[in-house]
Participant: 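Dropping a structure here in C-alpha cells format, bear with me for questions.
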Amino acid sequence: MFLLGRQPAPPAGSQRERLPAPPVASTSADDLSHGAHFDGPRLDTFDTEHGTLPTPVLAGRINVDPYSEDPRRNVPHIHLEPFQDEVMQCLDPQEFAAVIAQVRAHCERLDELHTQLVMARAGYR
C-alpha cells in the first residue's frame, strides 16, 4: 500500500533525518489511495527503434480511494493496463468480469487458430 501526501518524520538521530525530505506529491485527502499492483505476462513485441522488447500486458492495480469525490473510487476497483501505458480505469467487479470474458473468448479463438496453424504447417511440408 502507499500513501501520497505528508510522510511521518523519522526518529531523532536516524540516518534518514540527514537526507533531504522527499517531495510532497499532494496534501489533499482526495489523493489518498490504497492499492496493490499485479503483474501481467510479458509478450515480446517489435519496436522499430529498439527491436524486440518484452512488453507487459494485462497488468494493473486493485485500488481504493476512500476520500475521492468520485463514489466509484471509494470502494475497491481495478485499474487495468491492457497494454503498457494504456489504462482502463476504475473497473467495478461486473466491468472487470466483462473484460475477463472478452480476453478468455479471444484466447479460445487463439487456441483454434493455433490448431489451424499446426495443421497448415503439417500439410505444408
Participant: Under the criterion side-chain contact (heavy atoms from CB on, under 4.5 Å), I'd like the reasoning laid out for Phe46 against Thr55: C-alpha separation, chi angles, the key distance, then a yes or no.
Facilitator: CA-CA 9 Å; Phe46 182 75; Thr55 304; over 6 Å; no
Participant: Same cluster for Val64 and Phe96 if Ile/Leu/Val/Met/Phe/Trp/Tyr side chains link at under 4.5 Å?
Facilitator: no
Participant: Please list, chain by chain and in numerical order, all residues satisfying salt bridge (charged side-chain N to carboxylate O under 4.0 Å, His left out) with Glu49, sequence neighbours excluded.
Facilitator: none
Participant: Taking only residues two or more places apart in sequence or in another chain, which ones pass side-chain hydrogen bond (donor to acceptor under 3.5 Å, both in side chains) with Arg109?
Facilitator: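 Arg109 satisfies side-chain hydrogen bond (donor to acceptor under 3.5 Å, both in side chains) with Glu112 only.
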Participant: Which atom names give the shortest non-hydrogen contact between Ala59 and Gly40, and what distance separates them?
Facilitator: CB-N, 3.6 Å
Participant: Do Pro66 and His34 come close enough that some side-chain heavy atom pair is under 4.5 Å?
Facilitator: yes
Participant: Considering all heavy atoms of both residues, which atom of Cys90 and which atom of Glu95 are nearest to each other, and what is their separation?
Facilitator: O-OE1, 3.5 Å
Participant: Tell me the closest heavy-atom pair linking Pro56 and Pro54, and the distance in Å.
Facilitator: CD-O, 3.9 Å
Participant: Should Val87 and Val57 be regarded as members of a common hydrophobic cluster, given that ILVMFWY residues are connected when their side-chain heavy atoms come within less than 4.5 Å of each other, either directly or indirectly?
Facilitator: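 As far as the 4.5 Å side-chain criterion goes, Val57 and Val87 are not connected within one cluster.
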Participant: Do Met88 and Ile78 land in one hydrophobic cluster if side-chain heavy atoms of ILVMFWY residues count as linked below 4.5 Å?
Facilitator: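 Yes, Met88 and Ile78 fall within the same hydrophobic cluster.
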Participant: Judged by modelled atom types alone, do Asn63 and His79 share a side-chain donor-acceptor pair under 3.5 Å?
Facilitator: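 A donor-acceptor contact under 3.5 Å links the two side chains.
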Participant: Could I get the full list of salt bridge (charged side-chain N to carboxylate O under 4.0 Å, His left out) partners for Arg42, not counting sequence neighbours?
Facilitator: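 Arg42 satisfies salt bridge (charged side-chain N to carboxylate O under 4.0 Å, His left out) with no residue once adjacent residues are dropped.
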Participant: Would Leu53 and Leu43 show up in the same hydrophobic cluster when neighbours are defined by side-chain heavy atoms closer than 4.5 Å?
Facilitator: no
Participant: Determine the minimum heavy-atom distance between Phe38 and Ile62, stating which atoms define it.
Facilitator: CE2-N, 4.1 Å
Participant: May I ask you to decide if His50's main-chain N or O and Asp47's side chain share a donor-acceptor pair within less than 3.5 Å?
Facilitator: yes
Participant: Would the distance check show the side chain of His77 and the main-chain N or O of Val75 forming a donor-acceptor pair, the cut-off being under 3.5 Å?
Facilitator: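 At least one qualifying donor-acceptor pair exists.
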Participant: Please determine whether the number of non-hydrogen atoms from other residues, nucleotides or ligands lying under 6.0 Å from atom CZ of Phe83 exceeds 12.
Facilitator: no
Participant: Which atom names give the shortest non-hydrogen contact between His37 and Gly60, and what distance separates them?
Facilitator: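 Between these two residues, the closest heavy atoms are ND1-O, 3.1 Å.
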Participant: If hydrophobic clusters are built by linking Ile, Leu, Val, Met, Phe, Trp and Tyr wherever their side-chain heavy atoms come under 4.5 Å apart, do Val103 and Leu91 end up in the same one?
Facilitator: yes
Participant: In the structure I gave you, are the side-chain heavy atoms of Thr45 and Thr52 within less than 4.5 Å of one another anywhere?
Facilitator: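 Of all side-chain heavy-atom pairs linking Thr52 with Thr45, none is under 4.5 Å.
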